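Quick note on labels: first sequence line is chain A, next is B, and so on, each numbered from 1. None of these values were measured; they are calculated from a predicted model.
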There are 2 protein chains.
Amino acid sequence: MADKKEDRRIQRTRSMLHEALMDLIVEKGYAAITIQDLIDRANIGRSTFYAHFTDKEELLLDNINQLKAFLVEQIDKRTAADRTEAVRFEFSLALLQHVQSHKLMYRATVGKPSGTIVVHHIQQMIAELARDEITDRLPFEGTAFIPRDVVVEFAVNTLVTLVNWWMRGNTHHSAIEVDQMFHQLILSGIKQQREHTLTE
Amino acid sequence: MADKKEDRRIQRTRSMLHEALMDLIVEKGYAAITIQDLIDRANIGRSTFYAHFTDKEELLLDNINQLKAFLVEQIDKRTAADRTEAVRFEFSLALLQHVQSHKLMYRATVGKPSGTIVVHHIQQMIAELARDEITDRLPFEGTAFIPRDVVVEFAVNTLVTLVNWWMRGNTHHSAIEVDQMFHQLILSGIKQQREHTLTE
DNA sequence: TCGATTCCGTACATCGAGTTCAATAACTTT
DNA sequence: AAAGTTATTGAACTCGATGTACGGAATCGA
């Protein structure tokens, strides 16, 4: 922390661009967004954009890094409060709650061709979170048939799949319910469904 | 069947374009391919391209439909020969074998930003195959906590995840091994790893 | 206030998408 | 094999978006 304060103009420019990106994703989908759209919406000059980012993809990555910082904060907050036991897969609930409060953006992104790149980068980011959390909680490396790398990606992909389904007309489920589905799927697969019911 | 024979010129044009697409995906990745690249490689005129497809994406979809037809054929062949028992998730092995014989293309596609759209469409296609096969083999709808839609997407996504991992430096595994991992993951999740070992 | 940095905005070069059209080539049918 | 149909060609053109350049204006930190 304690990054030397950045010029206010820089902060303003970047934050305007981030907002513009989010808005435009909702309106026309990521793929259709042009640089012109972004600078018009953010109300900044063309050359100013290129002074900060080379791409709209680079802008996106910057945005996703912010999200990552936010998620880490959420996770740390929760694990600090709840010391009862080894906590598992905290990243899932943190993400799901973020998704819930940004329905429109995820709706316009997940599952649609125009949003695949966005999802791809979010997935990468979540995988980083997951790797840290999973690596030392599942101590069956070595004898395992399924390599650890696969476990991480498997879990992340399952989560994204659920978000996909959730945002496509099933928003009446709560983040906690979806989180439960997630844990069942990655731990037990699709078998033994009957043992699990909503305790709500 | 018995579509009235199509003009040979049409067949030729489309097949040249299909080949060009595959080659170029290997060489520069899907996203970077321009129409100009395609028509140069296929050696056809510009206006001819637009007489057949509006997009490179439409060309891609046409390609994937061909792949689907091929996979269905493989699946039918296998299930016809092996009548012993209810066969489950045949689509996975069929796809994995196709992947194995097109390593270069999948390597250049799966897991890379430039290939996300391609993967997305393949995933959609596999989901169609999976839906048919899964729907009547897992009769726990109704009481289940996990909705059927989710099961289908979960399975497909898991398969894609494995392909991703497989193509990234683990090609020494056989299609059958990866297929076994797939079945374990979707059926039992990441628990009970020790019960499963390679029987070769 | 002052010096440094950022932003502006216009202009410009470049590239790729997609359309048009008349001439030509290739195919199918009889 | 001839006739009629259909596909392909290639060049020219419009359009929109990308990315760069640069001098002057605005805003910052101190």
Side-chain angles (χ1 to χ4, degrees), chain A residues 1-63 113-118 121, chain B residues 1-25 27-63 66 113-118 121:
Chain A
M1 59 194 73
D3 304 32
K4 36 179 66 177
K5 309 167 193 172
E6 252 181 343
D7 196 315
R8 286 177 197 166
R9 288 168 295 181
I10 296 182
Q11 294 177 25
R12 194 182 68 91
T13 297
R14 296 175 99 92
S15 106
M16 297 297 259
L17 280 172
H18 283 143
E19 268 187 53
L21 179 61
M22 306 271 267
D23 289 357
L24 287 167
I25 284 179
V26 173
E27 289 176 26
K28 45 165 38 188
Y30 176 78
I33 298 175
T34 69
I35 308 290
Q36 196 63 47
D37 291 333
L38 288 166
I39 66 183
D40 285 351
R41 180 62 58 101
N43 199 31
I44 62 165
R46 182 168 196 74
S47 35
T48 305
F49 177 90
Y50 286 105
H52 288 265
F53 307 100
T54 73
D55 263 343
K56 67 170 171 173
E57 193 163 356
E58 206 175 89
L59 170 60
L60 173 68
L61 289 175
D62 203 58
N63 235 345
S114 74
T116 47
I117 298 164
V118 180
H121 287 302
Chain B
M1 58 197 75
D3 303 30
K4 40 177 65 178
K5 308 165 192 173
E6 250 181 345
D7 195 315
R8 284 177 200 166
R9 289 168 295 180
I10 296 182
Q11 295 176 25
R12 193 181 67 92
T13 297
R14 297 177 97 93
S15 105
M16 298 296 257
L17 280 172
H18 283 144
E19 267 187 53
L21 178 63
M22 307 271 267
D23 289 356
L24 287 167
I25 285 179
E27 290 177 26
K28 46 165 32 189
Y30 176 78
I33 299 174
T34 69
I35 307 290
Q36 195 63 48
D37 291 333
L38 288 166
I39 66 183
D40 285 352
R41 180 63 57 100
N43 198 30
I44 64 165
R46 182 169 197 72
S47 37
T48 305
F49 177 90
Y50 287 105
H52 288 266
F53 307 100
T54 73
D55 264 344
K56 68 169 169 173
E57 193 164 356
E58 207 175 89
L59 170 60
L60 173 67
L61 289 175
D62 203 58
N63 236 344
Q66 280 191 188
S114 74
T116 48
I117 298 165
V118 180
H121 288 303

I need the CD-C1' distance between Q36(A) and dC8(C), as an integer number of Å. 14 Å
Just how far is it from atom CG of L17(A) to atom CD1 of I44(A), taken to the nearest 0.5 Å? 4.0 Å
E58(B) has an atom CD; how far is it from atom P of dA17(C), in whole Å? 15 Å
Of all the heavy-atom pairs spanning H18(B) and L59(B), show the shortest one and how long it is. CD2-CD1, 3.5 Å
Nearest whole Å is fine: how far is dT20(D) C1' from I35(A) CD1? 13 Å
Quick one: which protein N/O atoms are closer than 3.5 Å to N/O atoms of nucleotides 22-27 of chain C? Pair and distance per line, please.
from: dA26(C); atom 1: N3; to: R9(B); atom 2: NH1; distance (Å): 2.9

Rounded to the Å, how far apart are I33(A) CD1 and dT18(D) P? 11 Å
Please check: side-chain N/O of Q11(B) versus main-chain N/O of E6(B), any donor-acceptor pairing under 3.5 Å? yes
Using whole Å, report how far CG of L38(A) lies from C1' of dT18(D). 13 Å
Contact list please: residues 39-53 of chain B against DNA chain C, heavy atoms, distance less than 4.0 Å, in numerical order. R46(B), S47(B), Y50(B)
Might you point out which heavy atoms bring L38(B) and F49(B) nearest each other, and give the distance in Å? CD1-CE1, 4.1 Å
If you take all heavy atoms of R46(A) and Q36(A), which pair is closest and at what distance? NH1-OE1, 3.2 Å
Any chance you could lay out the side-chain contact (heavy atoms from CB on, under 4.5 Å) test for R41(B) and M16(B), step after step, and finish with the verdict? CA-CA 8 Å; R41(B) 180 63 57 100; M16(B) 298 296 257; over 6 Å; no
When rounded to the nearest 0.5 angstrom, what is the spacing between CG in L60(B) and CE in M22(B)? 10.5 Å
Value in whole Å for how far the P atom of dT28(C) lies from CD1 of I10(B): 10 Å
What is the bend of the helix from dT1(C)-dA30(D) to dT30(C)-dA1(D) when you compare the axis at one end with the axis at the other, using five pairs each and rounding to 10°? 50°
Looking at L21(B), is its backbone amide N or carbonyl O close enough to the side chain of K56(B) to form a donor-acceptor pair, meaning the two atoms are under 3.5 Å apart? no
Please compare R14(A) and T34(B) by the position of their nearest nucleotide in DNA chain C and report the one closer to 5'. R14(A)
In whole angstroms, the gap separating P of dA7(D) from CE of M16(B) amounts to 18 Å
Work out which heavy atom in S114(A) is nearest to a heavy atom in G29(A); give both atom names and the distance. OG-CA, 4.0 Å
Flag the pair F53(B) / L61(B) as yes when at least one side-chain heavy-atom distance between them is below 4.5 Å, and no otherwise. no
How many angstroms lie between CG in D37(B) and OG1 in T34(B), if you round to the nearest 0.5 Å? 3.0 Å
